[in-house]
Amino acid sequence: MFLMSKGEVCDLQLPLLIDFIGLLDEKITQLLSQVDQYNDGYNVGIYENTEYFIGIGFVAMQQYMVDTMWNSNIDKKTALKYGSVSSNGKTCISLINSAANWWKHEPEGKLSEYTFQDVFDISKSLEYPLSNVLALLCESNKVELLSVIRHLESWRDEFVTVVMNQKKTTSVY
């Protein structure tokens, strides 16, 4: 959810999300630091745990998106077209949404074709697909969840502009 004050966006949720994502990044860094200590199958468990925390991060970002959309007349399908575009030509927000849905629904075997294609097109593998999505979204930046925040801000800014323009056109008689 966001508020407008003197033409400026007051984003109440982003600072909370940044704090939470920072905690997840710390845990991921801690887990990955253990990889060099082991040279056996134990690393698979470390990577699985890392994938778990990355998935939680994507779900938190998806929740931010839904909170931001609250009380707007813009449907989710349209909102997923806003914001920065990734190197694979999809909007970053749509990839975040697909990664979150993957994490939530893959264990049930209930992935939509759209979600599967979005994630698999990046990962090219069913092993650690969310790590691959994260790496794509981070581009040349450090591969961490906090590096994705800039895409959420880009999406939010475009979304808010569209919402504000809608309000201007609907309030003029």
Side-chain angles (χ1 to χ4, degrees), residues 1-4 7-22 24-25 28 50-106 110-169:
M1 181 173 78
F2 65 91
L3 301 173
M4 294 297 292
E8 295 292 318
V9 176
C10 179
D11 191 335
L12 303 174
Q13 297 299 318
L14 191 61
L16 295 172
L17 178 64
I18 289 171
D19 284 348
F20 181 68
I21 294 297
L24 292 175
D25 277 339
I28 292 166
T50 300
E51 190 81 353
Y52 186 85
F53 287 105
I54 291 169
I56 292 170
F58 282 130
V59 171
M61 292 177 201
Q62 184 185 53
Q63 179 65 42
Y64 170 81
M65 179 186 72
V66 172
D67 282 347
T68 302
M69 291 174 53
W70 179 78
N71 205 24
S72 76
N73 293 328
I74 300 173
D75 64 282
K76 188 175 181 182
K77 186 175 180 179
T78 301
L80 291 174
K81 297 176 184 176
Y82 301 143
S84 53
V85 177
S86 71
S87 61
N88 78 342
K90 303 257 181 161
T91 61
C92 295
I93 200 72
S94 70
L95 294 177
I96 291 166
N97 187 65
S98 289
N101 286 338
W102 181 286
W103 188 84
K104 293 185 303 187
H105 301 296
E106 189 273 336
K110 294 182 180 180
L111 291 175
S112 73
E113 181 63 29
Y114 181 82
T115 295
F116 181 84
Q117 270 322 125
D118 264 4
V119 174
F120 193 78
D121 284 350
I122 294 165
S123 183
K124 307 291 187 224
S125 168
L126 296 178
E127 288 191 34
Y128 314 115
L130 301 181
S131 297
N132 289 306
V133 172
L134 178 60
L136 177 90
L137 291 171
C138 292
E139 297 165 347
S140 62
N141 295 313
K142 185 176 179 183
V143 179
E144 63 182 5
L145 292 164
L146 280 172
S147 294
V148 179
I149 295 295
R150 63 193 169 89
H151 297 305
L152 290 170
E153 291 172 321
S154 168
W155 171 81
R156 179 211 53 212
D157 292 347
E158 187 172 346
F159 180 83
V160 168
T161 298
V162 170
V163 168
M164 297 313 293
N165 286 338
Q166 277 185 346
K167 290 186 183 211
K168 286 178 187 175
T169 58

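Hydrogens, waters and symmetry mates play no part in the numbers below; they use all other heavy atoms, side chains included.
- By the ring pair (Phe, Tyr, Trp, His ring centres under 6.0 Å) test, F116 is found to be paired with W102, F120, residues two or more places apart in sequence or in another chain being considered.
- At distances below 3.5 Å, at least one donor-acceptor pair connects side-chain atoms of W155 with backbone N or O atoms of A79.
- Counting only distance, with no hydrogens or angles, the side chain of D118 and the backbone of A99 share no donor-acceptor pair below 3.5 Å.
- Contacts of S123 classified as side-chain hydrogen bond (donor to acceptor under 3.5 Å, both in side chains), with partners at least two apart in sequence or in another chain: N132.
- For E51 (side chain) and S131 (main-chain N/O), a donor-acceptor pair under 3.5 Å exists by modelled atom type.
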### Message
Let's go through Y82 and V162 carefully: what are the C-alpha distance in whole Å and the side-chain angles of both, what is the deciding distance for side-chain contact (heavy atoms from CB on, under 4.5 Å) to 0.1 Å, and is it a yes or a no?
### Response
CA-CA 9 Å; Y82 301 143; V162 170; 3.4 Å; yes
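- Annotation: side chain of N97 is in contact with side chain of K76 (closest heavy-atom distance under 4.5 Å).
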### Query
For N101 and S112, what are the C-alpha separation, side-chain angles and deciding distance, and is it a side-chain contact (heavy atoms from CB on, under 4.5 Å)?
CA-CA 9 Å; N101 286 338; S112 73; over 6 Å; no
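- Between the side chain of T68 and the main chain of Y64, a donor-acceptor pair closer than 3.5 Å is present.
- Distance check: L95 CG to L134 CG gives 11.5 Å after rounding to the nearest 0.5 Å.
- Between the D25 side chain and the L145 main chain, a donor and an acceptor come within less than 3.5 Å of each other.
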### Task
Test side-chain contact (heavy atoms from CB on, under 4.5 Å) on L14 and I149 and set out the steps.
CA-CA 9 Å; L14 191 61; I149 295 295; 4.1 Å; yes
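- No side-chain heavy atom of H105 sits under 4.5 Å from any side-chain heavy atom of T115.
- With sequence neighbours excluded, no residue satisfies side-chain hydrogen bond (donor to acceptor under 3.5 Å, both in side chains) with S72.
- A donor-acceptor contact shorter than 3.5 Å links the side chain of N165 to the backbone of T161.
- Between the side chain of S154 and the backbone N or O of S84 there is at least one donor-acceptor pair closer than 3.5 Å.
- The shortest heavy-atom contact between K81 and T91 is O-CG2, 3.5 Å.
- Side-chain N or O atoms of H151 include one that pairs as donor or acceptor with a backbone N or O of L137 at under 3.5 Å.
- Counting all heavy atoms, side chain and backbone alike, Q62 lies closest to I96 at N-CG2, 4.4 Å.
- With rounding to the nearest 0.5 Å, the separation of CG in L136 from CG in N88 is 5.5 Å.
- Ion pairing of R150 with E139 is present here, as a side-chain N (NZ or NE/NH1/NH2) and a carboxylate O approach within less than 4.0 Å.
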### Task
Output, in order, the C-alpha distance, side-chain angles, deciding distance and verdict of side-chain contact (heavy atoms from CB on, under 4.5 Å) for L17 and L152.
CA-CA 11 Å; L17 178 64; L152 290 170; 3.5 Å; yes
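- The two atoms that bring S86 and C92 nearest to each other are N-SG, 3.7 Å, heavy atoms only.
- Under the rule for a side-chain contact (heavy atoms from CB on, under 4.5 Å), the partners of K77 that lie at least two apart in sequence or sit in another chain are D75.
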Output side-chain donor-acceptor pairs under 3.5 Å for residues 54-61, partner residues at least two apart or in another chain, one line each.
none

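- Q117 pairs by the side-chain hydrogen bond (donor to acceptor under 3.5 Å, both in side chains) definition with D121, not counting sequence neighbours.
- Considering only heavy atoms from C-beta on, M65 comes within 4.5 Å of I93 through its side chain.
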